[in-house]
Structure formats: structure tokens, C-alpha cells
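Encoded as C-alpha cells, the structure appears first; notes follow it.
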Amino acid sequence: MSDTPFTVRPAPWDTEANLIRAVRQSVFIEEQNVPPELDFDGSDPDHLHFLALDPNQTPIGTARLNAETGRVGRMAVLKPWRHHGVGRTLMQTIIDHAQSLPLTQLNLHAQNTAIPFYQKFHFTITGPEFTEANIPHHQMSLPLANS
């Protein structure tokens with residue numbers, strides 16, 4: 001699978017919500033037991049979304065960005081596609097896009113197990129551990145070059 005190509009592109013919520021939901025349903029609700037009302041918090045229409053798609057255009061990963069606050073969230077990659085560059089490509093796409101916005105930094109709530117992943121992008125921990133959806137997290141941030 002590591003040689004299997006995939007693409008990452010912007011995904012408008014109003015036309016591609018079902019594709020985005022499919023990935024988040026699998027990762028957050030089924031795999032991590034996050035209550036659906038926490039994952040689908042009603043703010044998705046206010047975010048920019050990105051989708052990773054396999055060669056058949058099946059969604060394999062997603063993430064969202066609040067273009068006003070710089071908050072990155074709902075980063076999810078289907079289990080068979082983890083460790084194949086999908087998350088890395090999604091995150092780099094978000095960072096590249098954020099550079100074109102009037103933002104000074106990106107912020108996110110990282111599950112503790114994902115902290116090393118975000119540190120590879122130079123995110124740093126900016127707060128104490130807290131629990132969200134019964135999962136330990138830390139606040140992390142990344143100053144942007146356009147700040």
C-alpha cells in the first residue's frame with residue numbers, strides 16, 4: 001500500500017460532507033468510541049476541510065481548519081492507510097494553505113499518542129494534559145512563517 005498513490009485536496013463541506021463523515025465515523029466513533037455529538041459538533045460548515053482519497057476516489061483521511069482562528073482538528077486517517085504518508089500529506093497541505101491566510105499560528109488538541117507526529121511539523125506543547133472524549137490530549141501550536 002505504501003506505493004499506492006493517493007491525493008489530498010480541499011473538500012467543501014456542503015457538497016462532500018458524506019465523504020468526510022465516513023472517515024470520521026470509522027476513526028473517531030467506531031475505533032475510538034467518541035460520542036457522535038462530540039465529533040459532529042455542528043461547526044463543520046464553518047471550517048475548511050481537506051480529504052485524502054485513494055486511486056478509486058474513496059476517502060481515506062480528512063482534517064479541518066478554522067481559517068479565522070487557525071484551529072486544526074478532526075485529523076483522521078483510516079487504519080489501513082496509517083504510516084503511508086497520508087497524515088503527513090494532510091498536515092502539510094493544511095500548513096501550506098494556512099500560510100496564505102492572515103494567521104499567525106496554528107493550534108490543535110493532540111491526542112497524546114499523536115504528539116510525536118505533530119512535533120515532526122514543529123508543533124510544540126503549549127498547555128497541560130487534559131481529557132477530551134475520554135482521551136488524553138495536549139494543546140499544541142505552530143507559529144506560521146507569515147506571522
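Quick caveat: nothing in here was measured; it's all calculated off a predicted structure.
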Cluster link Val8 to Phe117, ILVMFWY, side chain under 4.5 Å: yes

So which heavy atom on Phe123 is nearest to which on Met140, and how close? O-CE, 3.6 Å

Partner residues of Pro36 under the side chain to side chain contact (heavy atoms under 4.5 Å, CB included) criterion, sequence neighbours left out: Ile29

I'd like to know if the side chain of His49 reaches the main chain of Asp44, judged simply by a donor and an acceptor atom lying under 3.5 Å from each other, with no hydrogens or angles considered. yes

Taking ring pair (Phe, Tyr, Trp, His ring centres under 6.0 Å) as the definition, give me every residue that meets it alongside His138, ordered by chain and number, with sequence neighbours left out. none

Between CE on residue Met91 and CG on residue Leu142, distance to nearest 0.5 Å: 7.5 Å

Could you list the residues that satisfy side chain to side chain contact (heavy atoms under 4.5 Å, CB included) with Ala22, not counting sequence neighbours? none

Assigning hydrophobic clusters by single linkage (Ile, Leu, Val, Met, Phe, Trp, Tyr; side-chain heavy-atom cutoff under 4.5 Å), is Val86 placed with Ile20? no

Considering residues at least two apart in sequence or located in another chain, which fulfil the side chain to side chain donor-acceptor pair (under 3.5 Å) criterion with Gln57? none

I would like to know whether Val27 and Val77 meet side chain to side chain contact (heavy atoms under 4.5 Å, CB included); could you show each step before the answer? CA-CA 7 Å; Val27 173; Val77 175; 6.0 Å; no

Contacts of Asp14 that satisfy side chain to side chain contact (heavy atoms under 4.5 Å, CB included) - sequence neighbours left out: Pro12

Atom pair CG/CD of Leu144 and Gln105 - distance to nearest 0.5 Å: 7.5 Å

All side chain to side chain contact (heavy atoms under 4.5 Å, CB included) counterparts of Leu38, not counting sequence neighbours: Val34, Pro35, Ala133

If every non-hydrogen atom of Met75 is compared with every non-hydrogen atom of Gly87, which pair is closest and at what distance? CE-O, 3.5 Å

Go through the structure and list residues passing salt bridge (Lys or Arg N to Asp or Glu O under 4.0 Å) with Glu31, not counting sequence neighbours. Arg82

Closest non-hydrogen atoms of Leu53 and Ile60, given as atom of the first, atom of the second and distance, are N-CG1, 4.0 Å

What residues form a salt bridge (Lys or Arg N to Asp or Glu O under 4.0 Å) with Glu132, not counting sequence neighbours? none

Any ring-ring contact (aromatic ring centres under 6.0 Å, His included) pairs touching residues 93-112, not counting sequence neighbours? Phe50-His97, His109-Phe130

NE2 on His122 to OG1 on Thr124, rounded to 0.5 Å: 11.0 Å

Evaluate whether atom CD of Gln119 has more than 12 neighbouring non-hydrogen atoms of other residues, nucleotides or ligands under 6.0 angstrom away. yes

Closest heavy-atom pair and its distance - Ala76, Val23: O-CG1, 3.7 Å

Hey, could you give me the CG/CZ distance between Asn107 and Arg71, rounded to the nearest 0.5 Å? 8.0 Å

Quick one: CH2 on Trp13 to CG on Leu19, what's the gap to the nearest 0.5 Å? 10.0 Å

Any residue meeting salt bridge (Lys or Arg N to Asp or Glu O under 4.0 Å) with Arg9, in chain and number order, not counting sequence neighbours: Glu16

Can you find a pair of side-chain heavy atoms, one from Asn33 and one from Asn134, that are under 4.5 Å apart? no

What pairs meet the ring-ring contact (aromatic ring centres under 6.0 Å, His included) rule with one or both residues in residues 24-45, with sequence neighbours excluded? none

Which distance, rounded to the nearest 0.5 Å, do you find between the CG of Asp46 and the OG1 of Thr69? 10.5 Å

Quick one: salt bridge (Lys or Arg N to Asp or Glu O under 4.0 Å) partners of Asp41, sequence neighbours excluded? Arg64, Arg74

How close do His137 and Ile135 get, counting heavy atoms only, and between which atoms? ND1-O, 2.6 Å

Residue from Val72, Thr89, Leu108 passing side-chain contact (heavy atoms from CB on, under 4.5 Å) with Ile94: Val72

Please report the shortest heavy-atom distance between Leu90 and Ala63, naming the atom on each side. CD2-N, 4.3 Å

